[in-house]
Amino acid sequence: MASAAFSLLQKFDEQLCRAIGCVNRPVSDFSAWKITSVTLAPENAREGLKNGLNQSTLQVEIQNRLTLPALFPNVEILLTDAEELEIKTIQFSPQEWLPSAWRDSHSEFLRQGAPSGEIFRSELSISLPQNTAGYRVRIFYPEK
C-alpha cells in the first residue's frame, strides 16, 4: 500500500513540476548507493611479474537502493602498500566507469540519473604500482 501511495504521489509531483516549470532532477544522496562487490585482478596472471606496467582489471558492482532515480557518483580506488600507506588514488567519473553499452542506450543518463534498484557492473583497466599490496574502493559526489 505504501509503495502504491508513493508511486501515486510521485506521478502527481511530476505533473505539478511540469505545470510550474521546475527542474525535476535525480537526487544526489550518498546513501542511495551500495557497493555490492569489488574485485581487483591482474589482466594476465602469467605476465604479472614480467610486465612492468602491471595492468589489472577492477571489477565493481554498485546498486541504487533508493525508490527513485539517483545521480551517478564517481568511483575511487585507493591503492596501498604493505604498511597500508596510500600509494595512488584513481578516480573515475560516471562517463568513465559506466559500461559503454549502458551509456549508449541511455543518452540522457547524467540528467536522468540511475533508475531505482538498478545494478551496474563495470570492468576498469588500471595500472598498478609494483608495491601495491591492497586497495579500497569508495563512491562519492565531487565538490561543486
Side-chain angles (χ1 to χ4, degrees), residues 1-15 17-18 22-144:
M1 184 165 143
S3 180
F6 178 77
S7 183
L8 182 64
L9 287 172
Q10 192 173 18
K11 287 178 185 174
F12 176 72
D13 181 57
E14 288 172 8
Q15 290 175 350
C17 194
R18 226 181 339 253
C22 63
V23 177
N24 189 8
R25 69 179 194 97
V27 298
S28 56
D29 185 356
F30 176 75
S31 67
W33 296 99
K34 176 182 180 183
I35 299 173
T36 55
S37 73
V38 176
T39 306
L40 182 62
E43 285 184 359
N44 187 345
R46 299 187 127 206
E47 295 294 319
L49 296 175
K50 299 176 195 172
N51 187 352
L53 293 176
N54 205 8
Q55 282 298 114
S56 296
T57 301
L58 174 69
Q59 297 173 330
V60 62
E61 181 180 283
I62 67 171
Q63 178 182 23
N64 173 8
R65 300 182 300 177
L66 292 183
T67 57
L68 36 113
L71 284 176
F72 285 100
N74 287 7
V75 173
E76 178 181 84
I77 180 168
L78 175 73
L79 304 172
T80 59
D81 64 11
E83 284 81 38
E84 295 191 26
L85 298 174
E86 181 180 332
I87 302 171
K88 184 176 182 181
T89 300
I90 305 168
Q91 295 180 353
F92 298 96
S93 69
Q95 297 92 322
E96 296 169 314
W97 70 260
L98 278 168
S100 60
W102 197 92
R103 285 191 321 257
D104 293 345
S105 65
H106 298 80
S107 60
E108 296 288 317
F109 71 93
L110 288 176
R111 191 178 64 74
Q112 293 176 345
S116 172
E118 187 90 15
I119 296 174
F120 300 91
R121 293 172 187 87
S122 293
E123 289 191 9
L124 305 164
S125 183
I126 59 175
S127 294
L128 300 179
Q130 290 297 324
N131 59 338
T132 301
Y135 65 95
R136 288 188 291 275
V137 174
R138 75 177 185 112
I139 53 178
F140 69 98
Y141 290 108
E143 303 269 334
K144 296 209 177 190

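Residues take their numbers from the sequence shown, with the count starting at 1. Fair warning: this is a prediction, and the values are worked out from it, not measured in the lab.
Nearest heavy-atom pair, Pro142 versus Asn74, reported as atom, atom and distance to 0.1 Å: CG-ND2, 3.7 Å. When all heavy atoms of Ala70 and Ala32 are compared, the closest pair comes out as CB-CB, 3.9 Å. The two residues Phe109 and Phe72 have their closest heavy-atom pair at O-CE1, 3.5 Å.
Considering CG of Leu128 and CD1 of Ile87, their distance stands at 9.0 Å, rounded to 0.5 Å. Going from atom CG of Leu58 over to atom OG1 of Thr39 covers 8.0 Å, rounded to the nearest 0.5 Å. From Lys88, atom NZ reaches atom CG of Asp81 across 14.5 Å, with rounding to the nearest 0.5 Å. If you take CG on Leu79 and CG on Leu40, they are separated by 7.0 Å, rounding to the nearest 0.5 Å. The CG atom of Leu78 lies 9.0 Å from the CZ atom of Arg138; values are rounded to the nearest 0.5 Å. Note: Glu118 CD to Ile62 CD1 = 11.0 Å, rounded to the nearest 0.5 Å.
Donor-acceptor pairing under 3.5 Å is recorded for the side chains of Ser125 and Gln55. A donor-acceptor contact under 3.5 angstrom links the side chains of Glu61 and Thr36, judged on distance only.
No side-chain donor-acceptor contact under 3.5 Å links Asn54 to the backbone of Gln130. A donor-acceptor contact shorter than 3.5 Å links the side chain of Arg103 to the backbone of Gln95. A donor-acceptor pair is defined here as one N or O able to donate and one able to accept, closer than 3.5 Å; such a pair exists between the side chain of Glu96 and the backbone of Ser93. Remark: the backbone N or O of Gln59 is not paired with any side-chain donor or acceptor of Glu123 at under 3.5 angstrom.
In this structure, Glu86 places its CD atom where more than 12 heavy-atom neighbours from other residues, nucleotides or ligands lie under 6.0 Å away.
In this structure the side chain of Phe92 never reaches within 4.5 angstrom of the side chain of Val60, judged on heavy atoms. Between Ile35 and Val75 the shortest side-chain heavy-atom distance does not fall below 4.5 Å. Residues Pro73 and Trp97 meet the side-chain proximity criterion, which asks for heavy atoms closer than 4.5 Å. Contact check for Ser116 versus Leu68: no side-chain heavy atoms found under the 4.5 Å cut-off.
Between Phe120 and Trp33, the two ring planes are tilted [angle within 30° to 60°].
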